[in-house]
2 protein chains.
Amino acid sequence: MIMLTSAKPRDERPSMSQTAPTVGSSTYERIKHDIIFGDLAPGAKLKLDGLRNRYAASVSTLRETLNRLASEGFVQAAEQRGFFVRPVSATDLKEIAELRILLECSALETSIECGDADWEGNLVAAHHKLHLIEQKMLDGDTSQKELWKRYDWEFHQALIQACNSDNLLSLHGTIFDKYLRYQMLVLTHRGAPAIDEHKAMFDAALARDIATAKDVLKGHIRSGLDHTLAAMNDLPK
Amino acid sequence: MIMLTSAKPRDERPSMSQTAPTVGSSTYERIKHDIIFGDLAPGAKLKLDGLRNRYAASVSTLRETLNRLASEGFVQAAEQRGFFVRPVSATDLKEIAELRILLECSALETSIECGDADWEGNLVAAHHKLHLIEQKMLDGDTSQKELWKRYDWEFHQALIQACNSDNLLSLHGTIFDKYLRYQMLVLTHRGAPAIDEHKAMFDAALARDIATAKDVLKGHIRSGLDHTLAAMNDLPK
DNA sequence: ATTCGCAATAATATATGATATTTTTTATTA
DNA sequence: TAATAAAAAATATCATATATTATTGCGAAT
């Protein structure tokens, strides 16, 4: 499984091992992934017994996981009535998009102000990888949607990495994942315009042009929002 | 126990009954309260067995609670090594304060734009109650710190209530609670200036003067931050 | 002597299956 | 059809078993 948003390790020490050490953290990653990528449909009832089979974990362990996801807002918990995948709605998507603008623009500003050589290096690398895969998508190779979205995430992450606020980065990560779920729901690529916007943001950031970078980012998210909203209307059901 | 920040019910239906129905939600409220009000010291190890006695709940239930609180950032979870009360630091406080400014100012703007008669009514009531208790505090009656902070919360909450974004309100609620923990840690009242700022915000909001309201709010939080930072330096340890 | 490494042991966290409550569904009756 | 009662399903909680981490004590090497 390719987990998209680099799962922030629960403790500080960055483990070398790839495998999730505990059943709990493993099921957490898997369920979160399945919600974001639509394998668990919005609004679906999350019956503990069903999950027990699907994820091979005990009820208690699953409840820990679902409580975590409920706190983050990927799951809806109803006292005495169980857990549900967080439903989707146009209103919710709009709120998420506006929040992403608020958080990401703020982080971008500080990050451009404070970014050092390391930051620039990471940014160059991230944009390069994103650009490569975006070209493939343009050519019609749609086989690697998850990898594409991973590079998209890594690029936006690289932009704001130097913002000097772990609290802000953490909040932004969660919001980004929620926004991502909507994008995965409609499964369409915006194509050339989005590519150009990424390039424009990249250039503005390296040129330390905060105003331009923020403007482009804002437009980038708003256009993505409109695109996703339109696609949502065409959705089955 | 007076729980400060009106605990958002896990499901939609607003229950009439005051008592928390499940062991889980009750321990959640209690542990969160104890962290915010410093009864559980920053950095303290949260041993499952110890908590079992203190809160009269089973290990599984406690782990659910701690996982929730870890997601919200009040508890630090270290894989295979247990749970700790989230430590405090000047850096963290500064980040929290800046985030509160970002979120609350944004919500305030929309709220002032969209607020209707209901919103005004709630606001007037909230400010009145806050003002009453602030006067008592000025006179030296320091016996009702929790109630004071509750009214402070309710006032700020009333200001942004009409922002039309549940996602934003939810994020703000968590950040506010984190900010509150630092205030409770130093346990000092800023006095007259804070009272005046509350009044100024109140007036600006009713006059629909967005720019002024945001400016005052920003200053209000920044002054509170400085005040708390200064007091933190004088802390024992 | 002191430090270092390495067992053995104790303490703690993780995970599970079993039980008690509550909600939902089905069946029955007015 | 509506209301109610019994049965089934699902959740919430617990006590216990397993796995991991932390501690202690001992002996060898510096």
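Every chain is numbered from 1, with letters handed out A, B, ... down the list of sequences. None of the values given here were measured: they were computed from a predicted structure.
- Rounded to whole angstrom, the span from the CD atom of B:Glu64 across to the C1' atom of D:dT11 amounts to 10 Å.
- Closest to the A:Ser60 side chain, of the nucleotides C:dT23, D:dT13, D:dT21, is D:dT13.
- Contact annotation: B:Ser58 does not reach the phosphate of D:dT13 (side-chain N/O to OP1 or OP2, under 4.0 Å).
- The pair B:Lys178-B:Asp92 does not meet the salt-bridge criterion, since no charged nitrogen lies less than 4.0 angstrom from a carboxylate oxygen.
- The distance from atom CZ of B:Phe83 to atom C1' of C:dT12 is 12 Å, rounded to the nearest whole Å.
- Using a 4.0 Å cut-off between a side-chain N of Lys or Arg and a carboxylate O of Asp or Glu, A:Arg222 and A:Glu98 qualify as a salt bridge.
- Nucleic acid contact class of B:Thr61 (heavy atoms, under 4.0 Å, all strands): sugar-phosphate only.
- Distance A:Arg52 CZ to C:dT16 P: 10 Å, rounded to the nearest Å.
- Protein atom CG of A:Asn67 is 12 Å distant from nucleotide atom C1' of D:dT11, rounded to whole Å.
- Taking 4.0 Å as the cut-off between side-chain N and carboxylate O, A:Arg150 and A:Glu154 count as a salt-bridged pair.
- Contact between the side-chain N/O atoms of B:Lys45 and the OP1/OP2 oxygens of C:dA13 is found at a separation under 4.0 Å.
- Atom NZ in B:Lys47 sits about 21 Å away from atom P in D:dT20, given to the nearest Å.
- Under the 3.5 Å distance criterion, with hydrogens and angles disregarded, no donor-acceptor pair is assigned to the side chains of B:Gln161 and B:His156.
- Atom-to-atom, CG of B:Asp49 to C1' of D:dT16 comes out at 13 Å; the value is rounded to the nearest Å.
- At whole-Å resolution of the value, CD in B:Gln80 and P in C:dA13 are 11 Å apart.
- The separation between A:Leu48 atom CG and C:dA15 atom C1' is 15 Å, rounded to whole Å.
- Side chains of A:Asn67 and B:Tyr28: a donor-acceptor N/O pair is absent below 3.5 angstrom, by distance only.
- Of the side-chain N and O atoms in A:Arg81, one or more sit less than 4.0 angstrom from OP1 or OP2 of C:dT24.
- If you check every strand for non-hydrogen atoms under 4.0 Å, A:Val59 touches nothing.
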